[in-house]
Number of protein chains: 2
Amino acid sequence: MTQSAPRPAAAPTPVELMDQLARAAAAYYRCFATVAAERGLTLMQGKMLSLLRTPMPMRTLADLLACDASNVTGIVDRLEARGLVRREVAAADRRVKNVLLTEQGEQTVRLIRAELISGLAGLDQLDAEDRSALRRLLGQVFPEPAATTTAAAAR
Amino acid sequence: MTQSAPRPAAAPTPVELMDQLARAAAAYYRCFATVAAERGLTLMQGKMLSLLRTPMPMRTLADLLACDASNVTGIVDRLEARGLVRREVAAADRRVKNVLLTEQGEQTVRLIRAELISGLAGLDQLDAEDRSALRRLLGQVFPEPAATTTAAAAR
DNA sequence: GAGATTACTTGACATCCTCAACGATCGAGG
DNA sequence: CCTCGATCGTTGAGGATGTCAAGTAATCTC
């Protein structure tokens, strides 16, 4: 644990960290929104596309995005109109509509992710130990919901 | 350092961390939105109130929130209508409108912050060393803009 | 003093968001 | 098999957010 650097100040309080997390979250979304806008997508459209790395029901999208089903309908409508996603009735339950990326949608997601990782240049500057520590610490502050299923988590 | 748990796997890649950051940011905003909604505020209204711990010009709000000035006008209008903020012409430049929290607005911000820190229970479980590490790591991934002025950073 | 720039506001229009209601579908229970 | 309650996605009303363009007032520069 390379932690020999003299501590410049006292350890931050939880409140100070809360503020820093706020700034970090805002910075993350600023970066994401910029990347999405370069593809003519709004923040929400970009978020939804990124969630769809595996097909999923609209209900699930609404849960992950913490918004109402009718809102998801609107967003999917607009993405569908642009040829980025399509709806598909689930075989096991005809009420359920799965949303899938089209080829174009997958390409768009790939490009967004590539640009996003570029925009988070600071990540590349972390060594393996730092990255492990960050994963652990973030995992403690934001525990993953009892591992339900999806690898594509909320974003 | 209570870290006797066996290291489960190799260090995460930057891409894996990017995804975790996305999930963390989403979780943070879910928490924040819930707290704001309990006060009858939308996410943006809550964000703006939280930024206003010191008075600032609308131009500054637009910069921090990364949105258009006209959008800020609308949000301030609605907050002003609810008695949470007020506008004040700056003495040095009559074009400039500073936005200030009212007493009621300050109270609201205090309550929001108190509830938010409660909702981020994981922060309290970090010891001082972890908190310092998290501060350092977040600071590397999301460098603060060349320290301009405000303590109330973007949120 | 004139023209350029800045700060905020207004307005049009698109998108997002919640809530309520609806029709189609499913599943449990009798 | 039938009924009823629950679920899923959609529609629609109305409010909030967001961009862009244009306008007015104030300030700055030459």
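So you know, we letter chains A, B, ... as the sequences are listed, proteins then strands, and number each from 1. Since we're looking at a predicted model, the values are computed, not measured.
- Contact annotation: the side chain of A:Val76 approaches that of A:Val85 to within less than 4.5 Å [non-hydrogen atoms, C-beta and beyond].
- In this structure, B:Glu16 contributes its side chain and B:Thr13 its backbone to a donor-acceptor pair below 3.5 Å.
- Between the CE atom of B:Met56 and the C1' atom of C:dC8 there is a distance of 17 Å, given to the nearest Å.
- At least one donor-acceptor pair under 3.5 Å links the side chain of B:Gln45 to the backbone N or O of B:Thr42.
- Ionic pairing of B:Arg87 and B:Asp77 is present here: one or more N-O contacts between side-chain nitrogen and carboxylate oxygen are shorter than 4.0 angstrom.
- Terminal axes of the helix from C:dG1-D:dC30 to C:dG30-D:dC1 (five pairs each, C1' rotation axis) are separated by 30°, to the nearest 10°.
- Between the side chain of B:Thr108 and the backbone N or O of B:Gln104 there is at least one donor-acceptor pair closer than 3.5 Å.
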Problem set entry | Heavy-atom protein contacts under 4.0 Å, nucleotides 8-19 of chain D, coded B base, S sugar-phosphate only, - none | SSBBB---SBBB
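- B:Lys97 and B:Glu88 are not joined by a salt bridge, as no carboxylate oxygen comes within less than 4.0 angstrom of a charged side-chain nitrogen.
- Judged purely by atom type and a 3.5 angstrom limit, B:Arg131 uses its side chain to pair as donor or acceptor with the backbone of B:Leu126.
- A salt bridge links A:Asp19 with B:Arg53; the closest basic N to acidic carboxylate O contact falls under 4.0 Å.
- One interatomic measurement links the two molecules: CG of B:Asp63 to P of C:dT6, which rounds to 13 Å at whole-angstrom precision.
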